[in-house]
Amino acid sequence: MTPGAKPSDDTAAQPLRSDAERNRERIIAAARTVFARDGLSASMASVAREAGVGIATIFRRFPTKEELVAAVFSDRMDAYADAVANALEDPDPWHGFVGYIEAACAMQAADYGFADVLTMTFPTAKALEQRRNEAYEAMLQLIDRAKATGRLREDFDPSDLVLIHMANAGVVNATGGAAPDAWRRVVALFIQSLETPARGPLPASPEHDALYRAMLRASPTDLTSQEPGKNG
């Protein structure tokens, strides 16, 4: 650069881009802490306080809470999908099925936010939902294989996994730090009830559309809200 010359646009913009990326990572880290502790009902203002930034900075990087949720939990959803893939690789399908349920429920117990994520749906978070759908398709294979061994009861329905996640999330949120391992007993009760021979028939499983509506209903009402004062 010649003496006295102004820096190029690229050079001047680089620190700004770096600052913006640092802010983004700072916000994601803060949101991960807040959501893990308080669940998805935590406010964007709580995330801003944890990150040490203004609420306007949060909304500049993530115009809606759903976008922030997707950024925070993309790696968790990857780990969830990996748990299903690992279960499929188990030479004992029943063992793999049980291991998957235990792993998924442990992930919920370790993170209140992710406990919520597995019981909700996020229509505008396309990448997150695509990963969930990939895991679901793998779960269908896992269920079929476990049934083929004769160990998993024949009337088990894929929707039962969603109900297990919902029940486990309720236990995790209700017991919290007072009884942090209570979920393990509940999950063991679930697993034992799934193994043959079945003690009796089960009531009908919920329709897919009804369960989807329930997951939408469970989602926080502020997921798609924009910055206060902004028009949607």
Side-chain angles (χ1 to χ4, degrees), residues 17 20-36 38-44 46-48 51 53 55-88 100 103-105 107-108 110-143 158-159 161-166 168-169 206-228 230-232:
R17 284 197 295 267
E21 182 58 27
R22 279 195 295 271
N23 267 344
R24 183 179 186 278
E25 293 305 318
R26 186 176 180 181
I27 291 166
I28 290 174
R32 183 169 287 132
T33 297
V34 171
F35 291 152
D38 302 330
L40 296 191
S41 61
S43 68
M44 294 288 265
S46 297
V47 175
V53 300
I55 191 71
T57 300
I58 297 278
F59 279 104
R60 274 198 300 274
R61 302 305 306 169
F62 302 96
T64 67
K65 187 177 181 180
E66 187 160 323
E67 291 181 53
L68 179 58
V69 168
V72 168
F73 292 104
S74 62
D75 60 340
R76 302 291 198 277
M77 191 60 78
D78 284 342
Y80 174 73
D82 288 344
V84 183
N86 291 337
L88 279 173
Y100 153 72
C105 289
M107 292 173 69
Q108 288 184 294
D111 186 324
Y112 288 1
F114 195 66
D116 289 341
V117 166
L118 289 186
T119 67
M120 301 172 184
T121 189
F122 308 93
T124 66
K126 302 299 184 185
L128 190 74
E129 289 302 316
Q130 179 179 345
R131 199 72 171 111
R132 190 207 301 267
N133 289 337
E134 290 170 359
Y136 178 78
E137 292 300 320
M139 278 192 295
L140 295 180
Q141 297 179 50
L142 185 61
I143 290 169
S159 65
L161 285 175
V162 180
L163 298 180
I164 288 172
H165 290 327
M166 288 179 169
N168 189 54
E207 295 292 334
H208 177 83
D209 288 346
L211 196 56
Y212 179 76
R213 288 194 300 272
M215 294 175 73
L216 276 176
R217 183 171 176 270
S219 301
T221 56
D222 62 344
L223 276 179
T224 57
S225 300
Q226 296 184 322
E227 182 181 359
K230 298 280 187 181
N231 292 325

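Under the 3.5 Å distance criterion, the side-chain polar atoms of Ser219 are matched with a main-chain donor or acceptor of Thr121. Without hydrogens or angle criteria, Glu66 side chain to Ala125 main chain gives a donor-acceptor distance under 3.5 Å. Using a distance-only test at 3.5 Å, with no hydrogens or angles considered, a donor-acceptor pair links the side chain of Asn133 to the main chain of Glu129. Not a single donor-acceptor pair under 3.5 Å links the side chain of Lys65 to the backbone N or O of Ser43.
Ala42 approaches Val34 most closely through the heavy-atom pair CB-CG1, 3.4 Å. Nearest heavy-atom pair across Asp111 and Ala36 is OD1-CA, 3.2 Å. Across all their heavy atoms, Ala138 and Val84 have their closest contact at CB-CG1, 3.4 Å. Taking all atoms of both residues into account, the shortest heavy-atom contact from Ile27 to Val47 is O-CG1, 4.0 Å. The nearest pair of heavy atoms linking Pro206 to Leu163 is CD-CD1, 4.2 Å. Considering all non-hydrogen atoms of both residues, Met107 and Ala79 come closest at CE-CB, 3.8 Å.
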- Message: Evaluate Phe35 against Val117 for side chain to side chain contact (heavy atoms under 4.5 Å, CB included), listing each step before the verdict.
- Response: CA-CA 10 Å; Phe35 291 152; Val117 166; over 6 Å; no
- Worked check of side chain to side chain contact (heavy atoms under 4.5 Å, CB included) between Thr119 and Gln108: CA-CA 10 Å; Thr119 67; Gln108 288 184 294; 4.2 Å; yes
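Proximity of Met215 to Met166: side-chain heavy atoms (C-beta onward) are separated by under 4.5 Å at one or more points. Counting only heavy atoms from C-beta outward, the side chains of Phe73 and Leu40 approach each other to under 4.5 Å. Contact check for Arg60 versus Val53: no side-chain heavy atoms found under the 4.5 Å cut-off. Under the 4.5 Å side-chain criterion, counting only non-hydrogen atoms from C-beta, Tyr112 is not in contact with Ser41. Side-chain contact check for Leu161 versus Tyr136: every heavy-atom pair is 4.5 Å or farther apart.
Looking at Arg131 and Asp82, a side-chain N of the basic residue comes within less than 4.0 Å of a carboxylate O on the acidic one, giving a salt bridge.
Between Leu211 atom CG and Leu216 atom CG the span is 10.5 Å, to the nearest 0.5 Å. The line from CE of Met44 to OG1 of Thr64 is 7.0 Å long, rounded to the nearest 0.5 Å. In this structure, NZ in Lys126 is found 7.0 Å from OG1 in Thr124, a value given to the nearest 0.5 Å. Arg26 CZ to Thr57 OG1: the interatomic distance, rounded to the nearest 0.5 Å, is 9.5 Å.
Ring geometry for Phe114 against Tyr80 counts as perpendicular: the plane angle is over 60°, on a 0 to 90° scale with 30° as the lower cut.
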